[in-house]
Asks: 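Got a structure for you, written out below as C-alpha coordinates; questions coming shortly.
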Amino acid sequence: MHKMLLAVGKGSGSFEVWTADISSSKFDKACLYDAHDCVVTGLAWAFDGCCLYSCGQENCVRAWVLHGSALCEVSIPSNTPGLRSSNDLPNVFVSCLGVAASPGNIALAMVRNVDGDSLDPMYEGRLQKAVVEFLWIGGQQKDILSPSSSDFTSEAFLGFSANELNCWESDILWYLTKYENLDNPLVVWDIVAALLAFKQSAPKYMDRILVKWLSVTFLGSYKGLSIGEVLKCIPENFSKITSRQLHLLNIICRRVILSDVKAEEINCKVNLGGSAAAKAEHLTLWIELLFSSEKELRERLVGFSLATFINRFSDSTTTFSRPGFWYPVGVEQMELWIALNHDRVRDQLKVLASEVRKHERRLQSSEYGVEEQCIYCSESVTFDSPEVAHCHCSNSTDETVQIYQMARCAVSMQVCPAIPLWFCKCCCRRASKLPPETLFTLPGYPLDFKSLTESSVKEIPSKPLCPFCGIPLQRLQPDFLLSPSPV
Ligand SMILES: [Zn+2]
Ligand SMILES: [Zn+2]
Ligand SMILES: [Zn+2]
(Lines give C-alpha, C1' and ligand atoms only; values in the text may rest on other atoms or scores of the structure.)
(Ligands and ions follow the chains in the order given, each with its own letter.)
Protein backbone atom coordinates (compact mmCIF):
# COMPACT_ATOMS: atom_id res chain seq x y z
CA MET A 1 0.00 0.00 0.00
CA HIS A 2 1.52 3.27 -1.06
CA LYS A 3 -1.47 5.47 -0.20
CA MET A 4 -2.31 6.44 3.30
CA LEU A 5 -5.30 8.29 4.68
CA LEU A 6 -4.96 10.96 7.26
CA ALA A 7 -7.80 12.57 9.16
CA VAL A 8 -7.20 15.94 10.78
CA GLY A 9 -9.62 17.31 13.37
CA LYS A 10 -10.11 21.01 13.82
CA GLY A 11 -11.14 23.36 16.56
CA SER A 12 -14.11 24.48 14.49
CA GLY A 13 -15.71 21.05 14.69
CA SER A 14 -14.85 19.98 11.17
CA PHE A 15 -12.29 17.45 10.11
CA GLU A 16 -10.37 17.00 6.90
CA VAL A 17 -9.30 13.80 5.22
CA TRP A 18 -6.01 13.85 3.38
CA THR A 19 -4.49 11.21 1.18
CA ALA A 20 -0.76 10.79 1.45
CA ASP A 21 1.38 9.17 -1.17
CA ILE A 22 4.05 7.39 0.83
CA SER A 23 6.58 7.13 -1.98
CA SER A 24 6.48 10.80 -2.98
CA SER A 25 5.44 12.25 0.42
CA LYS A 26 2.73 14.18 -1.39
CA PHE A 27 -0.36 15.14 0.54
CA ASP A 28 -3.73 15.92 -1.02
CA LYS A 29 -6.80 17.17 0.73
CA ALA A 30 -9.64 14.80 -0.16
CA CYS A 31 -12.58 16.22 1.69
CA LEU A 32 -13.83 18.29 4.62
CA TYR A 33 -16.77 17.56 6.89
CA ASP A 34 -18.56 19.76 9.34
CA ALA A 35 -19.10 16.91 11.70
CA HIS A 36 -19.26 18.46 15.15
CA ASP A 37 -20.44 21.60 16.84
CA CYS A 38 -17.39 21.91 19.04
CA VAL A 39 -13.74 20.95 18.91
CA VAL A 40 -13.07 17.57 17.32
CA THR A 41 -11.50 15.63 20.17
CA GLY A 42 -10.90 12.25 18.61
CA LEU A 43 -10.56 10.47 15.29
CA ALA A 44 -10.00 6.74 14.87
CA TRP A 45 -9.71 4.70 11.69
CA ALA A 46 -10.90 1.12 11.75
CA PHE A 47 -11.21 -1.86 9.42
CA ASP A 48 -8.06 -1.03 7.45
CA GLY A 49 -9.12 2.51 6.73
CA CYS A 50 -12.64 1.55 5.73
CA CYS A 51 -14.31 3.34 8.63
CA LEU A 52 -13.61 6.49 10.54
CA TYR A 53 -15.02 7.34 13.94
CA SER A 54 -15.05 10.94 15.06
CA CYS A 55 -16.01 12.50 18.33
CA GLY A 56 -16.40 16.04 19.50
CA GLN A 57 -16.39 18.00 22.69
CA GLU A 58 -20.18 18.36 22.44
CA ASN A 59 -20.45 14.65 23.41
CA CYS A 60 -21.24 13.22 20.00
CA VAL A 61 -19.68 10.22 18.28
CA ARG A 62 -20.20 9.64 14.57
CA ALA A 63 -19.25 6.84 12.22
CA TRP A 64 -18.21 7.29 8.60
CA VAL A 65 -17.43 4.85 5.87
CA LEU A 66 -15.16 5.51 2.98
CA HIS A 67 -16.86 5.41 -0.37
CA GLY A 68 -14.43 6.16 -3.17
CA SER A 69 -12.66 9.22 -1.86
CA ALA A 70 -15.63 10.53 0.09
CA LEU A 71 -16.99 9.66 3.48
CA CYS A 72 -20.62 8.80 4.13
CA GLU A 73 -22.09 8.78 7.58
CA VAL A 74 -23.47 5.48 8.87
CA SER A 75 -25.02 4.64 12.18
CA ILE A 76 -23.00 2.99 14.91
CA PRO A 77 -24.38 -0.51 15.60
CA SER A 78 -26.61 -0.31 18.62
CA ASN A 79 -27.07 -3.99 19.33
CA THR A 80 -24.72 -5.91 21.58
CA PRO A 81 -23.92 -9.61 21.33
CA GLY A 82 -24.31 -10.24 25.02
CA LEU A 83 -26.02 -8.73 27.97
CA ARG A 84 -26.01 -5.00 27.97
CA SER A 85 -23.56 -3.89 30.61
CA SER A 86 -25.06 -2.34 33.66
CA ASN A 87 -24.86 1.36 33.28
CA ASP A 88 -23.75 2.83 36.56
CA LEU A 89 -23.72 6.33 35.23
CA PRO A 90 -26.72 6.91 33.02
CA ASN A 91 -26.68 10.01 30.88
CA VAL A 92 -24.15 11.91 32.85
CA PHE A 93 -21.65 12.40 30.07
CA VAL A 94 -21.09 15.95 28.99
CA SER A 95 -18.36 15.59 26.44
CA CYS A 96 -16.36 13.05 24.55
CA LEU A 97 -12.63 13.45 24.96
CA GLY A 98 -11.29 10.78 22.67
CA VAL A 99 -12.02 7.66 20.70
CA ALA A 100 -9.98 4.56 19.83
CA ALA A 101 -10.69 1.25 18.16
CA SER A 102 -9.71 -2.00 19.88
CA PRO A 103 -6.85 -4.04 18.36
CA GLY A 104 -9.24 -6.17 16.34
CA ASN A 105 -11.68 -3.37 15.58
CA ILE A 106 -14.44 -5.25 17.37
CA ALA A 107 -14.95 -2.63 20.03
CA LEU A 108 -14.70 1.11 20.26
CA ALA A 109 -13.47 2.83 23.39
CA MET A 110 -14.49 6.36 24.19
CA VAL A 111 -13.27 8.61 26.94
CA ARG A 112 -16.20 10.58 28.24
CA ASN A 113 -16.26 13.41 30.65
CA VAL A 114 -18.72 13.19 33.48
CA ASP A 115 -21.02 15.99 34.56
CA GLY A 116 -19.84 16.54 38.10
CA ASP A 117 -23.17 18.08 39.21
CA SER A 118 -25.19 14.96 38.49
CA LEU A 119 -23.01 12.76 40.68
CA ASP A 120 -23.06 12.33 44.39
CA PRO A 121 -20.42 14.85 45.47
CA MET A 122 -19.30 12.65 48.36
CA TYR A 123 -18.76 9.50 46.35
CA GLU A 124 -18.67 9.27 42.55
CA GLY A 125 -18.08 12.98 42.24
CA ARG A 126 -14.78 12.77 44.08
CA LEU A 127 -13.50 9.76 42.21
CA GLN A 128 -14.83 10.00 38.73
CA LYS A 129 -13.75 12.73 36.39
CA ALA A 130 -14.01 10.74 33.21
CA VAL A 131 -14.90 7.20 32.24
CA VAL A 132 -14.05 4.90 29.36
CA GLU A 133 -17.09 3.61 27.56
CA PHE A 134 -16.97 0.58 25.28
CA LEU A 135 -19.19 0.00 22.29
CA TRP A 136 -19.26 -3.05 20.04
CA ILE A 137 -18.63 -2.15 16.43
CA GLY A 138 -18.30 -5.71 15.11
CA GLY A 139 -21.55 -5.35 13.24
CA GLN A 140 -20.52 -2.09 11.62
CA GLN A 141 -21.88 -1.69 8.13
CA LYS A 142 -19.00 -0.86 5.85
CA ASP A 143 -20.57 -0.64 2.42
CA ILE A 144 -23.27 1.85 1.66
CA LEU A 145 -24.18 0.53 -1.73
CA SER A 146 -24.35 -3.21 -1.10
CA PRO A 147 -25.49 -3.64 2.45
CA SER A 148 -25.84 -7.40 2.26
CA SER A 149 -23.30 -9.72 0.74
CA SER A 150 -25.04 -12.55 -1.01
CA ASP A 151 -22.96 -15.53 0.06
CA PHE A 152 -24.10 -15.30 3.64
CA THR A 153 -27.36 -16.70 4.86
CA SER A 154 -27.90 -15.31 8.31
CA GLU A 155 -31.29 -15.24 9.83
CA ALA A 156 -32.05 -12.38 12.08
CA PHE A 157 -32.16 -13.17 15.79
CA LEU A 158 -31.58 -11.52 19.15
CA GLY A 159 -32.56 -8.23 17.64
CA PHE A 160 -29.73 -8.37 15.15
CA SER A 161 -30.56 -7.86 11.53
CA ALA A 162 -29.29 -10.50 9.14
CA ASN A 163 -26.99 -7.88 7.72
CA GLU A 164 -25.50 -7.04 11.11
CA LEU A 165 -24.85 -10.71 11.77
CA ASN A 166 -23.11 -11.07 8.44
CA CYS A 167 -20.96 -8.10 9.31
CA TRP A 168 -20.09 -9.59 12.69
CA GLU A 169 -19.14 -12.83 11.06
CA SER A 170 -16.98 -11.29 8.37
CA ASP A 171 -15.38 -8.91 10.88
CA ILE A 172 -14.42 -11.70 13.24
CA LEU A 173 -13.08 -13.86 10.41
CA TRP A 174 -11.18 -10.93 8.94
CA TYR A 175 -9.72 -10.23 12.35
CA LEU A 176 -8.67 -13.81 13.02
CA THR A 177 -6.84 -14.09 9.70
CA LYS A 178 -5.05 -10.79 10.37
CA TYR A 179 -3.16 -12.56 13.13
CA GLU A 180 -1.45 -14.85 10.65
CA ASN A 181 0.82 -11.88 10.06
CA LEU A 182 3.51 -11.98 12.76
CA ASP A 183 3.80 -8.19 12.68
CA ASN A 184 0.46 -8.00 14.44
CA PRO A 185 0.96 -8.80 18.11
CA LEU A 186 -1.37 -11.44 19.50
CA VAL A 187 -3.74 -9.13 21.37
CA VAL A 188 -7.10 -10.84 21.33
CA TRP A 189 -9.13 -9.66 24.29
CA ASP A 190 -11.81 -8.10 22.13
CA ILE A 191 -12.44 -11.11 19.93
CA VAL A 192 -12.46 -13.36 22.98
CA ALA A 193 -15.00 -11.10 24.66
CA ALA A 194 -17.19 -10.99 21.55
CA LEU A 195 -17.08 -14.76 21.02
CA LEU A 196 -17.84 -15.37 24.70
CA ALA A 197 -20.85 -13.11 24.43
CA PHE A 198 -22.11 -14.95 21.36
CA LYS A 199 -21.39 -18.30 23.03
CA GLN A 200 -23.86 -17.27 25.74
CA SER A 201 -26.53 -15.75 23.56
CA ALA A 202 -26.20 -17.62 20.28
CA PRO A 203 -23.98 -20.71 20.56
CA LYS A 204 -24.90 -22.03 17.09
CA TYR A 205 -23.92 -18.74 15.51
CA MET A 206 -20.56 -18.83 17.31
CA ASP A 207 -20.01 -22.42 16.17
CA ARG A 208 -20.69 -21.40 12.60
CA ILE A 209 -18.12 -18.62 12.74
CA LEU A 210 -15.52 -20.92 14.29
CA VAL A 211 -16.18 -23.73 11.79
CA LYS A 212 -15.51 -21.33 8.94
CA TRP A 213 -12.33 -20.06 10.54
CA LEU A 214 -11.06 -23.54 11.43
CA SER A 215 -11.88 -24.92 7.98
CA VAL A 216 -10.15 -22.15 6.07
CA THR A 217 -7.12 -21.93 8.38
CA PHE A 218 -6.47 -25.57 9.23
CA LEU A 219 -8.09 -27.53 6.40
CA GLY A 220 -7.48 -25.19 3.49
CA SER A 221 -11.06 -24.29 2.64
CA TYR A 222 -14.61 -24.26 3.92
CA LYS A 223 -16.49 -27.22 2.50
CA GLY A 224 -19.52 -27.22 4.74
CA LEU A 225 -18.25 -29.89 7.15
CA SER A 226 -19.89 -30.08 10.56
CA ILE A 227 -18.02 -28.82 13.61
CA GLY A 228 -17.44 -32.38 14.83
CA GLU A 229 -15.88 -33.44 11.54
CA VAL A 230 -13.73 -30.32 11.38
CA LEU A 231 -12.43 -30.77 14.95
CA LYS A 232 -11.44 -34.37 14.22
CA CYS A 233 -9.66 -33.58 10.95
CA ILE A 234 -7.53 -30.65 12.08
CA PRO A 235 -4.73 -32.45 13.98
CA GLU A 236 -3.72 -34.40 10.84
CA ASN A 237 -2.64 -31.08 9.32
CA PHE A 238 -0.70 -29.66 12.27
CA SER A 239 2.70 -30.25 10.61
CA LYS A 240 1.81 -27.64 8.01
CA ILE A 241 0.40 -25.10 10.46
CA THR A 242 2.34 -22.07 11.66
CA SER A 243 3.12 -21.77 15.35
CA ARG A 244 1.16 -18.51 15.37
CA GLN A 245 -2.02 -20.25 14.23
CA LEU A 246 -1.57 -22.97 16.83
CA HIS A 247 -1.22 -20.26 19.47
CA LEU A 248 -4.40 -18.55 18.33
CA LEU A 249 -6.21 -21.89 18.31
CA ASN A 250 -5.08 -22.61 21.88
CA ILE A 251 -6.26 -19.22 23.10
CA ILE A 252 -9.70 -19.68 21.52
CA CYS A 253 -9.95 -23.21 22.93
CA ARG A 254 -9.07 -22.12 26.44
CA ARG A 255 -10.63 -18.68 26.69
CA VAL A 256 -13.79 -19.21 24.66
CA ILE A 257 -14.72 -22.89 24.42
CA LEU A 258 -13.29 -24.10 27.73
CA SER A 259 -13.79 -20.84 29.60
CA ASP A 260 -15.73 -22.65 32.34
CA VAL A 261 -13.04 -25.27 32.97
CA LYS A 262 -10.09 -24.45 35.24
CA ALA A 263 -6.80 -24.24 33.34
CA GLU A 264 -5.04 -26.48 35.88
CA GLU A 265 -7.66 -29.17 35.39
CA ILE A 266 -7.14 -29.05 31.64
CA ASN A 267 -3.35 -29.19 31.98
CA CYS A 268 -3.40 -32.16 34.32
CA LYS A 269 -6.32 -33.78 32.49
CA VAL A 270 -8.27 -34.01 35.72
CA ASN A 271 -11.82 -35.39 35.45
CA LEU A 272 -12.24 -33.93 32.02
CA GLY A 273 -14.13 -36.83 30.54
CA GLY A 274 -16.46 -37.21 33.46
CA SER A 275 -17.30 -33.65 34.33
CA ALA A 276 -20.72 -32.37 33.45
CA ALA A 277 -19.22 -29.72 31.22
CA ALA A 278 -17.37 -32.26 29.11
CA LYS A 279 -20.56 -34.12 28.33
CA ALA A 280 -21.79 -31.12 26.44
CA GLU A 281 -21.64 -31.44 22.72
CA HIS A 282 -18.19 -31.50 21.15
CA LEU A 283 -16.43 -30.31 24.28
CA THR A 284 -14.31 -33.46 24.46
CA LEU A 285 -13.37 -32.95 20.83
CA TRP A 286 -12.26 -29.41 21.58
CA ILE A 287 -10.20 -30.67 24.53
CA GLU A 288 -8.54 -33.30 22.33
CA LEU A 289 -7.82 -30.60 19.77
CA LEU A 290 -6.20 -28.39 22.40
CA PHE A 291 -4.07 -31.30 23.64
CA SER A 292 -2.84 -32.16 20.15
CA SER A 293 -2.11 -28.54 19.37
CA GLU A 294 -0.14 -28.10 22.58
CA LYS A 295 1.71 -31.36 21.96
CA GLU A 296 2.64 -30.13 18.49
CA LEU A 297 4.14 -26.97 20.03
CA ARG A 298 5.87 -29.02 22.73
CA GLU A 299 7.47 -31.18 20.04
CA ARG A 300 8.68 -28.07 18.22
CA LEU A 301 10.12 -26.65 21.43
CA VAL A 302 11.79 -29.92 22.48
CA GLY A 303 13.18 -30.55 18.98
CA PHE A 304 14.61 -27.05 18.82
CA SER A 305 16.11 -27.36 22.32
CA LEU A 306 17.76 -30.73 21.70
CA ALA A 307 19.12 -29.63 18.32
CA THR A 308 20.55 -26.46 19.87
CA PHE A 309 22.20 -28.57 22.57
CA ILE A 310 23.78 -30.87 19.98
CA ASN A 311 24.94 -28.03 17.77
CA ARG A 312 26.64 -26.22 20.63
CA PHE A 313 28.38 -29.43 21.56
CA SER A 314 29.59 -30.28 18.09
CA ASP A 315 31.05 -26.83 17.71
CA SER A 316 34.20 -27.02 19.80
CA THR A 317 35.08 -23.37 19.25
CA THR A 318 32.25 -22.12 21.42
CA THR A 319 31.57 -22.66 25.04
CA PHE A 320 28.24 -24.17 25.79
CA SER A 321 26.22 -21.28 27.10
CA ARG A 322 27.41 -18.25 25.22
CA PRO A 323 26.17 -14.93 26.58
CA GLY A 324 23.64 -13.35 24.22
CA PHE A 325 22.50 -16.69 22.86
CA TRP A 326 19.55 -18.77 23.84
CA TYR A 327 20.56 -22.14 25.28
CA PRO A 328 18.36 -25.01 26.33
CA VAL A 329 17.72 -25.92 29.94
CA GLY A 330 16.00 -29.13 30.94
CA VAL A 331 17.49 -31.39 28.25
CA GLU A 332 17.33 -34.27 30.71
CA GLN A 333 13.61 -33.69 31.30
CA MET A 334 13.00 -33.45 27.58
CA GLU A 335 14.61 -36.85 27.06
CA LEU A 336 12.37 -38.26 29.77
CA TRP A 337 9.33 -36.70 28.12
CA ILE A 338 10.23 -38.29 24.78
CA ALA A 339 10.70 -41.67 26.49
CA LEU A 340 7.35 -41.25 28.23
CA ASN A 341 5.61 -40.46 24.93
CA HIS A 342 7.63 -42.85 22.81
CA ASP A 343 4.68 -43.99 20.71
CA ARG A 344 3.30 -40.53 20.17
CA VAL A 345 6.26 -38.33 19.22
CA ARG A 346 7.84 -38.11 15.80
CA ASP A 347 10.97 -40.09 14.94
CA GLN A 348 13.12 -37.01 14.53
CA LEU A 349 12.83 -36.30 18.25
CA LYS A 350 13.89 -39.83 19.17
CA VAL A 351 16.96 -39.54 16.93
CA LEU A 352 17.85 -36.19 18.50
CA ALA A 353 17.38 -37.63 21.98
CA SER A 354 19.73 -40.56 21.34
CA GLU A 355 22.33 -38.14 19.97
CA VAL A 356 21.99 -36.01 23.08
CA ARG A 357 22.61 -39.07 25.24
CA LYS A 358 25.92 -39.73 23.46
CA HIS A 359 27.06 -36.21 24.25
CA GLU A 360 25.93 -36.47 27.83
CA ARG A 361 27.98 -39.60 28.38
CA ARG A 362 31.09 -37.67 27.40
CA LEU A 363 30.14 -34.94 29.78
CA GLN A 364 30.33 -36.22 33.32
CA SER A 365 30.85 -33.10 35.34
CA SER A 366 28.05 -30.87 34.08
CA GLU A 367 24.71 -29.72 35.32
CA TYR A 368 23.12 -32.30 33.05
CA GLY A 369 21.91 -35.53 34.53
CA VAL A 370 21.42 -34.00 37.94
CA GLU A 371 18.45 -35.48 39.77
CA GLU A 372 15.63 -33.13 40.54
CA GLN A 373 14.78 -32.37 44.12
CA CYS A 374 11.62 -31.44 45.93
CA ILE A 375 11.67 -27.72 46.65
CA TYR A 376 10.28 -28.33 50.14
CA CYS A 377 12.11 -31.39 51.53
CA SER A 378 14.96 -31.90 49.03
CA GLU A 379 14.01 -35.48 48.37
CA SER A 380 14.41 -36.53 44.76
CA VAL A 381 11.35 -36.38 42.54
CA THR A 382 10.61 -38.41 39.46
CA PHE A 383 9.44 -37.22 36.06
CA ASP A 384 5.96 -38.48 35.29
CA SER A 385 4.32 -35.42 33.78
CA PRO A 386 5.59 -32.36 31.90
CA GLU A 387 3.19 -30.17 33.89
CA VAL A 388 3.69 -31.06 37.56
CA ALA A 389 5.88 -33.03 39.95
CA HIS A 390 4.83 -34.64 43.22
CA CYS A 391 6.63 -35.34 46.42
CA HIS A 392 5.41 -37.25 49.44
CA CYS A 393 7.20 -34.93 51.77
CA SER A 394 7.86 -36.48 55.13
CA ASN A 395 8.01 -34.14 58.02
CA SER A 396 10.46 -35.61 60.51
CA THR A 397 9.09 -33.77 63.53
CA ASP A 398 5.53 -35.11 63.62
CA GLU A 399 5.78 -37.94 61.11
CA THR A 400 2.92 -36.68 58.94
CA VAL A 401 3.11 -37.28 55.21
CA GLN A 402 1.81 -34.74 52.77
CA ILE A 403 1.75 -34.80 49.01
CA TYR A 404 3.16 -31.64 47.54
CA GLN A 405 2.51 -30.66 43.98
CA MET A 406 5.09 -28.54 42.25
CA ALA A 407 4.67 -26.82 38.91
CA ARG A 408 7.10 -27.62 36.16
CA CYS A 409 8.41 -24.86 33.91
CA ALA A 410 6.40 -24.62 30.68
CA VAL A 411 9.64 -24.31 28.73
CA SER A 412 12.25 -26.50 30.42
CA MET A 413 9.90 -28.95 32.18
CA GLN A 414 12.12 -28.64 35.25
CA VAL A 415 10.57 -28.22 38.67
CA CYS A 416 9.99 -24.51 39.20
CA PRO A 417 11.36 -22.80 42.28
CA ALA A 418 8.78 -21.87 44.92
CA ILE A 419 8.35 -18.50 43.23
CA PRO A 420 8.83 -18.98 39.52
CA LEU A 421 9.55 -15.95 37.43
CA TRP A 422 6.77 -16.02 34.84
CA PHE A 423 3.11 -16.85 34.65
CA CYS A 424 0.74 -17.23 31.68
CA LYS A 425 -2.68 -15.72 32.16
CA CYS A 426 -4.20 -17.94 29.50
CA CYS A 427 -2.99 -21.48 30.28
CA CYS A 428 -1.93 -20.69 33.89
CA ARG A 429 1.42 -22.39 33.37
CA ARG A 430 4.54 -21.15 35.09
CA ALA A 431 7.97 -20.66 33.61
CA SER A 432 11.41 -19.88 34.92
CA LYS A 433 13.08 -20.08 31.52
CA LEU A 434 12.01 -18.31 28.34
CA PRO A 435 11.45 -20.13 25.04
CA PRO A 436 13.53 -19.35 21.92
CA GLU A 437 12.09 -16.74 19.60
CA THR A 438 12.20 -19.15 16.64
CA LEU A 439 9.39 -21.20 18.17
CA PHE A 440 6.96 -18.37 17.47
CA THR A 441 7.90 -17.85 13.84
CA LEU A 442 7.95 -21.47 12.64
CA PRO A 443 5.89 -21.90 9.46
CA GLY A 444 5.29 -25.56 10.31
CA TYR A 445 6.96 -28.58 11.87
CA PRO A 446 10.65 -28.36 10.89
CA LEU A 447 11.93 -31.21 8.73
CA ASP A 448 15.39 -30.77 10.15
CA PHE A 449 15.81 -29.13 13.54
CA LYS A 450 19.59 -29.21 13.36
CA SER A 451 19.90 -27.12 10.23
CA LEU A 452 17.23 -24.82 11.64
CA THR A 453 19.22 -24.15 14.81
CA GLU A 454 22.39 -23.60 12.78
CA SER A 455 20.73 -20.87 10.77
CA SER A 456 19.05 -19.06 13.64
CA VAL A 457 21.73 -16.90 15.16
CA LYS A 458 20.18 -14.37 17.46
CA GLU A 459 18.10 -16.33 19.84
CA ILE A 460 17.78 -14.42 23.07
CA PRO A 461 14.07 -13.69 23.26
CA SER A 462 13.24 -10.02 23.23
CA LYS A 463 9.81 -10.59 24.79
CA PRO A 464 8.73 -13.14 27.38
CA LEU A 465 6.06 -15.18 25.57
CA CYS A 466 4.17 -18.31 26.57
CA PRO A 467 5.32 -21.24 24.39
CA PHE A 468 1.74 -22.58 24.24
CA CYS A 469 -0.35 -19.43 23.94
CA GLY A 470 2.07 -17.02 22.29
CA ILE A 471 0.97 -14.14 24.53
CA PRO A 472 3.24 -12.18 26.87
CA LEU A 473 3.96 -13.87 30.18
CA GLN A 474 3.42 -11.92 33.34
CA ARG A 475 5.75 -11.47 36.23
CA LEU A 476 4.50 -13.57 39.07
CA GLN A 477 3.96 -11.31 42.04
CA PRO A 478 2.40 -11.82 45.40
CA ASP A 479 -1.25 -10.75 45.29
CA PHE A 480 -0.76 -7.78 47.57
CA LEU A 481 1.54 -6.14 45.04
CA LEU A 482 -1.01 -6.29 42.26
CA SER A 483 -3.27 -3.35 41.73
CA PRO A 484 -6.99 -4.04 42.00
CA SER A 485 -8.65 -4.77 38.70
CA PRO A 486 -10.18 -1.77 36.97
CA VAL A 487 -13.89 -1.17 37.45
ZN1 LIG B 1 -20.42 -5.29 5.80
ZN1 LIG C 1 9.20 -33.10 49.35
ZN1 LIG D 1 0.04 -20.06 28.12
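Treat the numbers as computed from the prediction; the structure is a model and nothing was measured. As the structure lists them, so they are numbered: ligands from 1, and atoms in each ligand from 1.
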Asks: Within 45° of the ring axis of Y327 and under 6.0 Å from its six-membered ring centre, is that where the NZ or CZ of R312 lies?
Replies: no
Asks: Does the side chain of R244 pick up a donor-acceptor pair with the side chain of N184 at under 3.5 Å?
Replies: no
Asks: With ring centroids as reference points, do F440 and H247 lie under 6.0 angstrom apart?
Replies: yes
Asks: Counting only protein N/O/S, how many atoms fall short of 2.8 Å from the Zn ion (ligand 3)?
Replies: 4
Asks: Whether R475 engages the ring of W422 as a cation-pi pair (distance to the six-membered ring centre under 6.0 angstrom, angle to the ring normal within 45°) should be assessed.
Replies: yes
Asks: List for me each residue that meets salt bridge (Lys or Arg N to Asp or Glu O under 4.0 Å) alongside E335, sequence neighbours excluded, and say none if there are none.
Replies: R357
Asks: For the atoms SG of C391 and SG of C374, give the angle they form at the Zn ion (ligand 2), rounded to 10 degrees.
Replies: 110°
Asks: Looking at W168 versus Y205, is the centre-to-centre ring distance below 6.0 Å?
Replies: no
